[in-house]
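Heavy atoms only: backbone and side chains are in, while hydrogens, waters and symmetry mates are out. If you read the sequence from its start, that first residue is 1, and numbering goes on from there.
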Amino acid sequence: MMKLFLKLVRDIRQSIGQFIAIVSVIAVGAFFYAGLITYSDILSAYTKAYFKEHNLSDLNVYYSQISKEDVAGLSEIEGINKIEGRYTLDATQAFEGYKASIKIHSIPVNNEINTPAMVEGRVPSKKNEIMLDSHYAKEHQYNVGDKINITSNKKDYSFTISGLGENVEYAKKNEIQDHKTFGVAYMSEETIPEMADGFFYNEVLIDAKEGYDLDQLGKSIEAQSKPLSYLNQVSKERTFNYSKLTETIHNNNLMSKVIPLVLFLIGAIILFLTMSRMIDSQRNQVGIMKALGVKNRTIMLHYMGYPLLVSMIGSILGCSIAAMVFIPLITASSSRAYSLPGIKFALDFYSILPPMLFSSAFGLLSCYLSGRTVLKERAAQAMRPKPPKKVKMLLIERIPGIWSRISYSYKLILRNILLNKQKALVSSVGVIASTVLLITAFGTHTALLKVADQIEEVYAYDLRVDYATGASSEASNLPSGIKQKFDLSVSPVEFIKDDKKEKATLTVTEKENNLIHFFDENNNKLYMGNNGVLVPKSYADKYHIGKGDLVQLKFTAPEFKNKTIEMKVLNISTQYSNPSFYSTPAYLKSFDIDYSPSSLFVEANSSTELVSVRSFFEQDPRVDKITDKNDLKKSAQYIVKQNSFVFIMFIICAVILSFGAIYTISSINIYERNRELATLKVLGYPKNKINRLIFFENIILTTFAVIVALPISGYMYTIIVKALSSAHQQIPDQLNVVVLLAAVVLAFLLTILANLLLRRKVNQIHMIESLKSIE
């Protein structure tokens with residue numbers, strides 16, 4: 001057995017490049033499996049335990065105001081396990097050059113729903129005490145015991161920070177997880193009378209009994225709330241926080257299964273070709289071993305050592321790189337994307353086993369299928385060279401006038417490909433898969449960059465000025481540096497389709513407003529009208545909305561009293577970032593809704609005058625917030641930053657896979673044509689012409705692979721885009737021609753590189769050994 005092991009080591013040394021290429025392919029599969037499955041499993045297990053431990057509310061019910069007694073009355077409804085009332089308000093905090101928004105909730109003494117995870121200090125229990133979310137506190141360098149001043153409803157308040165923590169209902173704050181301009185805080189119930197001019201709640205948290213139908217419970221609450229100032233209700237599944245986390249877990253879980261499976265299948269194909277070549281080339285050695293009395297089982301186990309060794313080394317290497325590269329990257333990415341206190345990502349030792357077992361199983365099967373034919377032969381028969389195959393005339397040879405005009409070199413290439421069609425097809429699979437990965441990775445990354453760039457095309461204003469609640473944007477005493485201005489209002493609405501509901505915004509502005517541009521999916525300009533609403537393509541795709549359809553929008557702001565309207569779809573607008581429904585004041589008036597502008601789009605005469613214009617609005621006490629186009633870019637840039645490392649990994653792994661597949665398959669091709677190439681050398685064919693034969697054949701196979709990969713890439717790209725997109729975020733779903741060309745060129749460059757490295761193999765062909773007579 002030791003001698004057979006030494007023989008295996010010698011076999012590997014003789015074709016070390018091929019061995020490294022196969023190990024690389026398996027390592028890529030193990031890398032993605034270990035990284036993605038670790039991220040998906042840990043995030044899933046942590047969030048499930050986190051939501052359970054801190055009792056995330058199943059239902060949030062909103063009222064204008066509701067008393068403590070009325071909340072107690074609701075607790076009698078069937079299906080409710082626990083119920084808590086709280087007061088929620090919006091506040092702002094002024095900093096140099098900007099304002100931050102703070103969502104403040106009251107917290108009861110015996111808090112049992114949406115309980116906080118304390119980082120430092122304690123929950124507020126006295127009047128004018130407050131608990132800040134730790135990320136907001138860190139961003140603004142607040143500590144326990146510090147004073148914090150905030151403004152709400154035009155009144156200033158001072159609080160003492162009693163503690164820092166995170167709450168389960170804000171694991172995901174917003175699309176860009178902005179801790180600088182948005183924070184969350186909790187105050188004691190003793191502070192409610194001071195903030196609300198009386199003691200009452202405006203929100204009720206419901207913890208439903210396990211297994212109880214939430215839709216039925218919601219209807220029961222709404223029915224019993226008719227005498228009360230009921231506004232709206234949102235289930236756990238519809239909250240931004242919960243839906244984003246579950247979407248991420250689902251997508252990563254899917255990718256952790258599909259991508260490694262594809263890569264392992266490619267590795268199995270390459271292993272099958274390699275083992276076929278190895279066993280075929282060592283027929284005489286197999287015959288000698290059989291003649292010396294070595295059992296067939298021992299011989300088979302010897303050759304099975306190759307795929308086992310490749311699988312073990314590849315899996316260990318891939319998982320080790322995942323632990324060193326992938327895990328730290330997803331840890332950093334997760335900390336930017338979510339507020340999950342105490343979550344840690346670490347590669348489990350047992351995660352090495354699935355890729356090792358999976359690739360080994362494929363390798364052993366390929367070895368068995370390759371070796372069983374030779375092992376069935378008698379020792380004397382196996383020691384003889386393999387008889388040449390019977391060659392049939394090609395179809396192209398039968399067409400008069402064509403075959404005779406083709407040069408001898410190209411005849412050799414065509415005959416080799418067309419007489420071994422199955423092998424050529426299998427050889428192309430690795431290149432097809434890697435080209436698909438390259439196009440998908442390049443395309444998705446380019447699409448995310450396009451999302452950021454569209455802001456320049458859509459928004460032509462210099463400043464957006466948002467006024468405080470109750471203040472109007474209509475003003476006559478504006479500074480002289482303004483070139484043009486347009487009013488607008490933004491209202492929170494709920495999009496309703498059948499039994500599905502989705503949070504959205506309705507923006508109302510004059511149809512003459514040329515500081516915001518609209519485009520359709522073909523990049524043609526669209527315009528607003530007084531007879532319909534522009535619908536974002538992200539909503540249209542998700543809910544199958546077309547031009548001319550009717551869409552139902554429900555106003556959720558208290559002043560609209562849950563008014564629901566049906567609006568005609570004027571057109572479908574492509575909005576990559578911050579999608580909104582757009583209407584005109586005249587169309588809104590047709591539903592008996594008054595237009596109350598609360599914001600202003602401003603274009604300055606010049607960049608110099610823009611400074612003075614901005615300064616004017618900063619000094620206006622009615623102004624709540626000033627933003628420019630750079631603020632809008634943050635959302636798109638955040639998405640690019642969050643996903644860029646994944647696509648870089650995809651590209652690197654696709655390159656390794658492509659090169660490994662081409663190198664291995666070309667190496668096998670050279671071996672199988674040893675006799676033919678040796679004959680050409682004896683006949684005086686120059687080395688460069690022989691190399692050219694191999695080169696052109698590989699180029700033809702790569703060309704075929706690229707042609708097949710293009711439609712598959714379109715399908716794969718669509719799947720990735722759907723996974724990344726949502727009603728609140730649209731990703732371009734069309735592949736760029738430049739992306740396709742870049743991926744195709746890279747595939748050909750890798751083919752050329754593999755051919756250059758294999759020139760030595762061609763030069764080392766032993767003419768006498770290869771031309772020994774076949775008996």
Side-chain angles (χ1 to χ4, degrees), residues 454-467 471-476 478 482-495 504-541 543 545-555 557 559-560 563-605 613 617 627-629 632 727-728 730:
Q454 196 208 31
I455 290 165
E456 294 288 342
E457 299 175 21
V458 171
Y459 300 105
Y461 65 80
D462 292 317
L463 293 175
R464 172 175 168 161
V465 182
D466 294 313
Y467 288 85
S472 174
S473 67
E474 296 174 356
S476 56
L478 294 177
I482 294 177
K483 184 178 180 181
Q484 56 179 337
K485 67 174 183 66
F486 293 97
D487 294 318
L488 73 149
S489 69
V490 180
S491 303
V493 294
E494 198 168 53
F495 171 79
T505 57
L506 174 66
T507 303
V508 182
T509 186
E510 300 99 320
K511 74 174 188 177
E512 295 80 19
N513 188 345
N514 61 359
L515 295 182
I516 182 166
H517 305 142
F518 304 98
F519 301 92
D520 64 12
E521 61 182 341
N522 298 318
N523 213 33
N524 299 316
K525 270 199 170 185
L526 299 176
Y527 299 93
M528 296 176 67
N530 293 328
N531 59 338
V533 63
L534 289 179
V535 175
K537 192 173 184 294
S538 52
Y539 284 83
D541 288 345
Y543 295 101
I545 304 167
K547 185 178 177 181
D549 291 351
L550 292 175
V551 293
Q552 198 173 35
L553 298 180
K554 177 184 176 182
F555 289 87
E559 62 268 23
F560 291 103
K563 187 174 179 67
T564 303
I565 58 175
E566 274 195 337
M567 308 180 84
K568 184 181 178 181
V569 178
L570 183 66
N571 239 315
I572 307 297
S573 169
T574 298
Q575 301 174 44
Y576 295 143
S577 291
N578 306 304
S580 177
F581 291 78
Y582 280 87
S583 177
T584 61
Y587 189 55
L588 198 66
K589 186 70 177 174
S590 66
F591 298 99
D592 295 325
I593 299 175
D594 293 328
Y595 172 55
S596 301
S598 57
S599 302
L600 199 65
F601 278 172
V602 174
E603 182 185 12
N605 288 320
V613 171
F617 286 114
T627 54
D628 54 29
K629 283 186 286 188
L632 292 172
H728 306 282
Q730 182 189 341

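Here Ser590 pairs with Tyr587 under the side chain to side chain contact (heavy atoms under 4.5 Å, CB included) rule; sequence neighbours left out. With sequence neighbours excluded, the residues that form a ring pair (Phe, Tyr, Trp, His ring centres under 6.0 Å) with Tyr582 are Phe518. Judged as a side-chain hydrogen bond (donor to acceptor under 3.5 Å, both in side chains), and not counting sequence neighbours, Lys554 has no contacts. Partners of Ser596 by side chain to side chain contact (heavy atoms under 4.5 Å, CB included), not counting sequence neighbours: none found. Under the salt bridge (charged side-chain N to carboxylate O under 4.0 Å, His left out) criterion, Asp594 pairs with Lys589, not counting sequence neighbours. With sequence neighbours left out, the salt bridge (charged side-chain N to carboxylate O under 4.0 Å, His left out) criterion links Glu510 to no other residue. By the salt bridge (charged side-chain N to carboxylate O under 4.0 Å, His left out) test, Glu494 pairs with Arg238, sequence neighbours left out. Listed by chain and residue number, Tyr461 satisfy the ring pair (Phe, Tyr, Trp, His ring centres under 6.0 Å) test with Phe601 (two or more places apart in sequence, or in another chain). Remark: Asn531 engages no residue in a side-chain hydrogen bond (donor to acceptor under 3.5 Å, both in side chains) (not counting sequence neighbours). Taking the side chain to side chain contact (heavy atoms under 4.5 Å, CB included) definition, one finds that Ser491 meets it with Phe555, Phe560, sequence neighbours left out. With sequence neighbours left out, the side chain to side chain contact (heavy atoms under 4.5 Å, CB included) criterion links Gln484 to Phe486, Asn514, Leu515, Glu603. For Asp462, the salt bridge (charged side-chain N to carboxylate O under 4.0 Å, His left out) criterion is met by no residue, not counting sequence neighbours.
Here the straight-line distance linking atom CG of Asn530 with atom CG of Leu588 works out to 11.0 Å at 0.5 Å rounding. Once rounded to the nearest 0.5 Å, the distance linking CD1 of Ile516 with OG of Ser580 reads 8.0 Å. Interatomic distance, Leu463 CG to Thr627 OG1, rounded to the nearest 0.5 Å: 8.0 Å. Considering OG1 of Thr574 and CG of Asp541, their distance stands at 8.5 Å, rounded to 0.5 Å. Atom CD1 of Ile565 sits about 7.0 Å away from atom OG of Ser583, to the nearest 0.5 Å.
Put simply, the side chain of Asn571 does not reach to within 4.5 Å of the side chain of Asp520, judged on heavy atoms. Between Ile572 and Glu521, every side-chain heavy-atom pair lies at or beyond the 4.5 Å cut-off. The shortest side-chain heavy-atom distance between Tyr543 and Asp549 does not fall under the 4.5 Å cut-off. Inter-residue side-chain proximity for Asn523 and Glu457 is flagged as met; some heavy-atom pair is nearer than 4.5 Å. Between Pro536 and Phe581, the closest side-chain pair of non-hydrogen atoms falls below 4.5 Å.
Among all heavy-atom pairs drawn from Arg464 and Ser599, the shortest one is NH2-OG, 4.0 Å.
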Between Thr509 and Met528, is the side chain to side chain contact (heavy atoms under 4.5 Å, CB included) condition met? List the steps.
CA-CA 9 Å; Thr509 186; Met528 296 176 67; 3.9 Å; yes
Chi angles and distances behind the side chain to side chain contact (heavy atoms under 4.5 Å, CB included) call for Val490, Asp466
CA-CA 10 Å; Val490 180; Asp466 294 313; over 6 Å; no
If you apply the rule side chain to side chain contact (heavy atoms under 4.5 Å, CB included), what do you find for Leu600 with Asp487, and how did you get there?
CA-CA 5 Å; Leu600 199 65; Asp487 294 318; 2.9 Å; yes
Test log, rule side chain to side chain contact (heavy atoms under 4.5 Å, CB included), inputs Leu550 and Gln552
CA-CA 7 Å; Leu550 292 175; Gln552 198 173 35; over 6 Å; no
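Aromatic ring pairs are classed by plane angle as parallel below 30°, tilted from 30° to 60° and perpendicular above 60°; the pair His517 and Phe519 is perpendicular.
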